[in-house]
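Numbering of residues begins at 1 and proceeds along the displayed sequence. Ligands are counted one by one from 1 in listed order, and the atoms in each one are counted from 1 as well.
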Amino acid sequence: MIIGIDLGTTNSLVSYFTEDGPKIIPNRLGKKLTPSVVSIDENDQVYVGETAKERMILYPDTCASVFKRDMGSKKKYTLGHRTFLPEELSSFVLRSLKEDAEVYLGEKVTEAIISVPAYFNDARRKATKRAGELAGLKVERIISEPTAAAIAYGLYQSNKDMKFLVFDLGGGTFDVSILELFGNILEVHAVAGDNFLGGEDFTQVLIDMFMKEHNLKAEELDIKTLSHIRKQAEECKKKFAQESSSVMSCNINNELMEMKIDIDSYEKNCEILLERIKQPIKRSLSDANIKLSDIDQVVMIGGATRLPIIHKMVSKLFKMIPNTSINPDEAVALGAAIQGAMKERNQAVKEVILTDVCPFTLGTEVVREIEENRFESGYYCPIIERNTVIPASRTERLYTVYDNQTKIRVKILQGESRFASNNVLIGELTVEVPKGRAGEEAVDVTYTYDINSILEVEVKVVSTGKTERIIIKGQDVDMTDEEIEKRMQELSYLKIHPREHEANKLLLLKAERLYEESIGEKRKRLEYELLKFDSALNSRDKVKIEEARKRLQTVLDFIIDESDF
Ligand code: AMP
């Protein structure tokens, strides 16, 4: 069985394919979403998901989150007295999901399809693959998130060729992808996005409105009050999914402050954000050379697409109702499970060939003639432009720039800037050329970028036919199978917290946090219940534990209700 995994920045999901189609596998707590948070305690016990998220409040130094942003980099995360790479932290999340899948399916799971954002470059995709391998999974394929979403929506089953746009608005990022289906080929045409735009910005609008209405200043409020305001704003925002007006109420310094707001004025206040959303849409359409009116369908994924004002904007822009029939949190994972079934040649799914694009431009440095006979170096010459369908091969001819030049140096650069120095140097090649007048000798520079995101650069001297070649596999150094095996052994002493104790552990952590946040009677009450729960846990008597758990849960519910934590 090949499982599908959506390894998300905030939450991750695991899925599998059944006779009735793809399904999400619940985690050890019975939930579909597992927060992508990892924590390690002093006994080298690893916590993943909600329990780790809860530990984040009490023991922030032992926890890590949003490490997906650094995937493929060498950034070190310190948890307690140990350090980890982002891919190692991801491997803990994957290990936990793998375990959940094994228990749920009642069989060993060794293969997976893992999704990554479309803009992930080679180094980040490889790091994701390594994370899978460190978790003991053979990664059958890394799939782009928008492609997975398109597959989940069954767009690949269509009998007619079509173009569609995947609109992905998450908590902190916005991604647009344009895909085309022709025959059985599903091709990504262009990707674009804004890494600093997401659902949280729409929450911030409500916070700003509230602060203005009540004359509050962020710098005069403490962290606890600010997080209370954010939480209430988040609730208020979510109510718009069902109602055309909403109320935001906060308890600040023992005073109840309210703000009634209707959807129209909220929309007006979000105008700037809605405008920003249009930019990556425009860019992706222009990169793909597709007119807005040529888009046959818009698919919405990411939690923030539940906001009705987003719907309205998209409907107006594309003059059609976007497709939202699948839960926006689940589409990518479901698509990954279907891709798993395709790999296994399951008869229930039509097979499609997926293609991808190069998410950034690859080029070289050149000299440009600024005015007649005035040359300036340091300019960028794109060779394979961003969003070119891969595999791709392009050639550019470069000439000598001064008399009797004996060498031509080709810098291999990645980036979008007009100036070479603003782009990233990923390699270099030098070839010798026969002496001559400026512009007489030339080289043909050929860039070939393959499906595995490996770039090969060939430089051929036109007059002599002499050729030099270099292969660039991305910024990182690959690990061999032996190295992965060795690191796996090194990490194996770190055990994921036993699943049967997970719910109790989470409850205990929640109670400990409430204890820290309370004073007086509440604190005393909590201490009493915590002691009882501890002693029940120590007794290892299932009935006693269950009784104590229920009691503690009731007390917690009561206190949370009262204090609005
Ligand atoms: P994701 O990263 O895809 O999980 O998306 C998280 C974002 O979706 C957060 O900013 C949430 O506030 C937002 N979100 C989740 N549910 C809703 C809802 N019902 N209405 C509006 N925004 C939502």
- Under 4.0 Å from ligand 1 - residues by heavy atom, chain and number: T10, G170, G171, G199, E200, E234, K237, K238, G302, G303, A304, R306, L307
- If the plane angle is over 60° it's perpendicular, under 30° parallel, otherwise tilted; pick one for F240 and Y266. parallel
- Message: Is it the case that the side chain of H228 and the backbone of N251 share a donor-acceptor pair, with hydrogens and angles ignored and the cut-off at 3.5 Å?
- Response: yes
- Message: According to side chain to side chain contact (heavy atoms under 4.5 Å, CB included), who are the partners of V247, at least two apart in sequence or on a separate chain?
- Response: E258, K260
- Task: Evaluate whether atom OH of Y104 has more than 12 neighbouring non-hydrogen atoms of other residues, nucleotides or ligands under 6.0 angstrom away.
- Result: no
- Query: For K31, which residues count as a side chain to side chain donor-acceptor pair (under 3.5 Å) partner, sequence neighbours excluded?
  - Reply: E50
- Item | D264: partners by side chain to side chain donor-acceptor pair (under 3.5 Å), with sequence neighbours left out | none
